[in-house]
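A quick write-up on the structure given underneath.
In what follows, residues are counted from 1 in the order of the sequence shown.
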Amino acid sequence: MASTLRHHADFRRLWAGDTIAQVGTHVGLVVLPLLAVGLLNASAFQMGLLTAAEHAAFLLLGLPAGAWVDRVRRRPLMIRMDLARAALLATVPLAWWMDALTFTQLVVVALLVGTCTVFFDVGYQSYLPSLVGRQHLVEGNAKLQASHSVAFTTGPALGGGLAQLVGTAVALLTTGLGYLASALFLSRIRTVEPEPARPARRDLRAEVMEGLRFVVRNRYLRPMVSCTATWNLFGGVQNAVLILFLVTQVGLTEGAVGLVVGLAGVGGIVGALVAARVNRAIGQARAIWVVQVVSAPFGLLLPMAAPGWPLVVAVAGTVVVSVCVVVYNVAQVSFRQTICPDHLLGRMNASVRFLVWGSLPLGGLLGGVLGELIGLRPTLWVAASGCGLASLWVLLSPLRGLRDLPEEHRTETVG
């Protein structure tokens with residue numbers, strides 16, 4: 001079937017801006033920890049604290065963010081968040097040039113950038129249906145996931161290379177430039193976004209709870225959210241110690257760390273390219289749980305990483321995991337966008353983000369503590385095992401009895 005969004009000019013602008021911003025983001029995800037390790041000699045616990053700070057806003061502001069996003073036009077909000085993230089990141093190289101950079105500043109910047117990301121991501125996922133129409137969501141999400149996977153591959157390699165060439169503090173400017181480019185492309189979108197409905201009487205708590213109830217009472221959304229939250233919890237454990245592990249125990253340079261993390265993203269590109277085909281071949285509901293089960297054993301290869309062939313095998317395992325994660329994400333994100341009423345999109349997405357991304361800072365703190373107590377490699381074993389067990393949520397759910405999503409549930413709401 002021919003592409004229906006290839007000639008959609010405004011989607012192309014959103015796609016281009018998001019791609020550039022994602023590359024910058026993934027540069028930052030490697031450069032910021034490298035900066036903490038290389039310039040500030042951060043410990044395992046401090047690395048866990050930094051990982052937690054990057055995602056803490058999803059836990060602290062995730063639920064009310066959805067109600068606020070549903071009250072405003074999403075595109076202007078996303079532009080403002082891009083500009084704010086660029087300005088915040090610019091303070092890091094400035095402080096370094098003034099010989100005033102501290103670990104506390106890194107944590108504060110990570111926390112505030114994460115806050116902006118909460119509002120941007122909730123706005124972006126709520127904006128896509130009005131931009132392309134619900135009938136094109138799988139295609140749109142697949143294309144955006146492809147960009148995310150390209151960024152996941154090229155961003156870390158670019159970040160590691162820049163860190164070696166110009167230093168970690170200067171390399172962080174690339175992330176800020178990516179956010180500025182994203183804001184520029186978003187500002188050129190011409191599609192008029194409908195003015196959100198403004199209720200006569202606003203009750204923030206009631207609005208938040210309406211979105212949360214939609215998620216937790218839906219028998220298909222609930223296991224997907226539980227699966228993703230569990231996976232992210234242990235993913236946070238892994239992220240807290242991975243770069244420190246690669247540098248101190250595998251013996252990689254900054255550039256090699258970026259290359260290894262980037263190679264893992266090759267699987268994400270493959271996953272984005274095949275996601276729509278997998279959904280059609282085995283069914284959208286089945287894709288949600290099958291790929292989770294397939295990925296579980298391959299995730300156990302990462303803790304085996306060591307110089308030489310064990311590192312190659314570990315990277316190959318992460319490539320397979322990346323394929324499965326992207327296919328899963330395209331299927332479940334498209335599903336929840338399809339079944340949710342327009343007026344609840346922001347709150348639904350925020351509720352999901354609160355539940356699934358809110359576990360990341362908890363995982364980061366847990367990873368930092370475990371890294372100090374039991375060591376880096378055992379911590380990675382805990383992370384890999386937990387990610388594998390996350391598939392049980394969808395494997396044992398009503399999704400396992402379906403091939404595709406029943407038509408009657410495509411407009412399901414809660415009472």
Determine which pairs satisfy side-chain hydrogen bond (donor to acceptor under 3.5 Å, both in side chains) with at least one residue from residues 182-191, sequence neighbours left out, and list them in order. D10-T191, D82-S182

Worked check of side chain to side chain contact (heavy atoms under 4.5 Å, CB included) between L301 and M304: CA-CA 5 Å; L301 297 175; M304 302 180 186; 4.2 Å; yes

Do you know which two heavy atoms are closest between V327 and G271, and how far apart they sit? CG2-O, 3.7 Å

Any non-hydrogen side-chain atom of L186 less than 4.5 Å from a side-chain atom of F120? yes

With sequence neighbours left out, the residues meeting side chain to side chain donor-acceptor pair (under 3.5 Å) with T115 are none

As a quick check of understanding, evaluate side chain to side chain contact (heavy atoms under 4.5 Å, CB included) for V291 and V326, giving each step before the final call. CA-CA 9 Å; V291 295; V326 171; over 6 Å; no

How would you list all residue pairs meeting salt bridge (Lys or Arg N to Asp or Glu O under 4.0 Å) that involve residues 298-317, not counting sequence neighbours? none

Could you tell me if the side chain of L242 sits less than 4.5 Å from the side chain of L302, heavy atoms only? yes

Name all residues meeting the side chain to side chain donor-acceptor pair (under 3.5 Å) criterion together with W96; count only those two or more places apart in sequence or in a different chain, and write none if there are none. none

Excluding sequence neighbours, so at least two apart, what forms side-chain contact (heavy atoms from CB on, under 4.5 Å) with S385? L300

For residues 227-250, pull every pair meeting side-chain hydrogen bond (donor to acceptor under 3.5 Å, both in side chains), keeping only residues two or more places apart or in separate chains. T228-Y328, T230-W393

If you round to the nearest 0.5 Å, how far is CD1 of I79 from CG of L180? 12.0 Å

Atom pairs and distances, donor-acceptor, side-chain atoms in residues 37-46, under 3.5 Å, two or more places apart:
unit_1, atom_1, unit_2, atom_2, d
S43, OG, Q46, N, 3.2
Q46, OE1, S43, N, 3.0

Name all residues meeting the side chain to side chain donor-acceptor pair (under 3.5 Å) criterion together with T117; count only those two or more places apart in sequence or in a different chain, and write none if there are none. R85

With a 4.5 Å cut-off on side-chain heavy atoms, are M224 and I288 touching? yes

Can you name the side-chain contact (heavy atoms from CB on, under 4.5 Å) partners of A95, sequence neighbours left out? L101, Q105

Is there side-chain contact between L111 and V108, with heavy atoms separated by less than 4.5 Å? no

Worked verdict on L311 versus V315 for side chain to side chain contact (heavy atoms under 4.5 Å, CB included): CA-CA 6 Å; L311 178 62; V315 172; 4.3 Å; yes

Do T379 and L366 come close enough that some side-chain heavy atom pair is under 4.5 Å? no

Apply ring-ring contact (aromatic ring centres under 6.0 Å, His included) to F185 and list each qualifying residue two or more places apart in sequence or on a separate chain. none

Taking side-chain contact (heavy atoms from CB on, under 4.5 Å) as the definition, give me every residue that meets it alongside I243, ordered by chain and number, with sequence neighbours left out. P33, L34, V247, V257

Report yes if some heavy atom in the side chain of L376 is under 4.5 Å from a heavy atom in the side chain of L380; otherwise report no. no

Determine whether L233 and L360 satisfy the following criterion, side chain to side chain contact (heavy atoms under 4.5 Å, CB included), listing intermediate values before the conclusion. CA-CA 5 Å; L233 174 68; L360 272 169; over 6 Å; no

Parallel, tilted or perpendicular: which describes the rings of H8 and F11, with under 30° parallel and over 60° perpendicular? perpendicular

Heavy atoms only: give me the nearest L14-M78 pair and the separation to one decimal. CD1-CE, 4.2 Å

E54: what forms a side chain to side chain donor-acceptor pair (under 3.5 Å) with it, not counting sequence neighbours? none

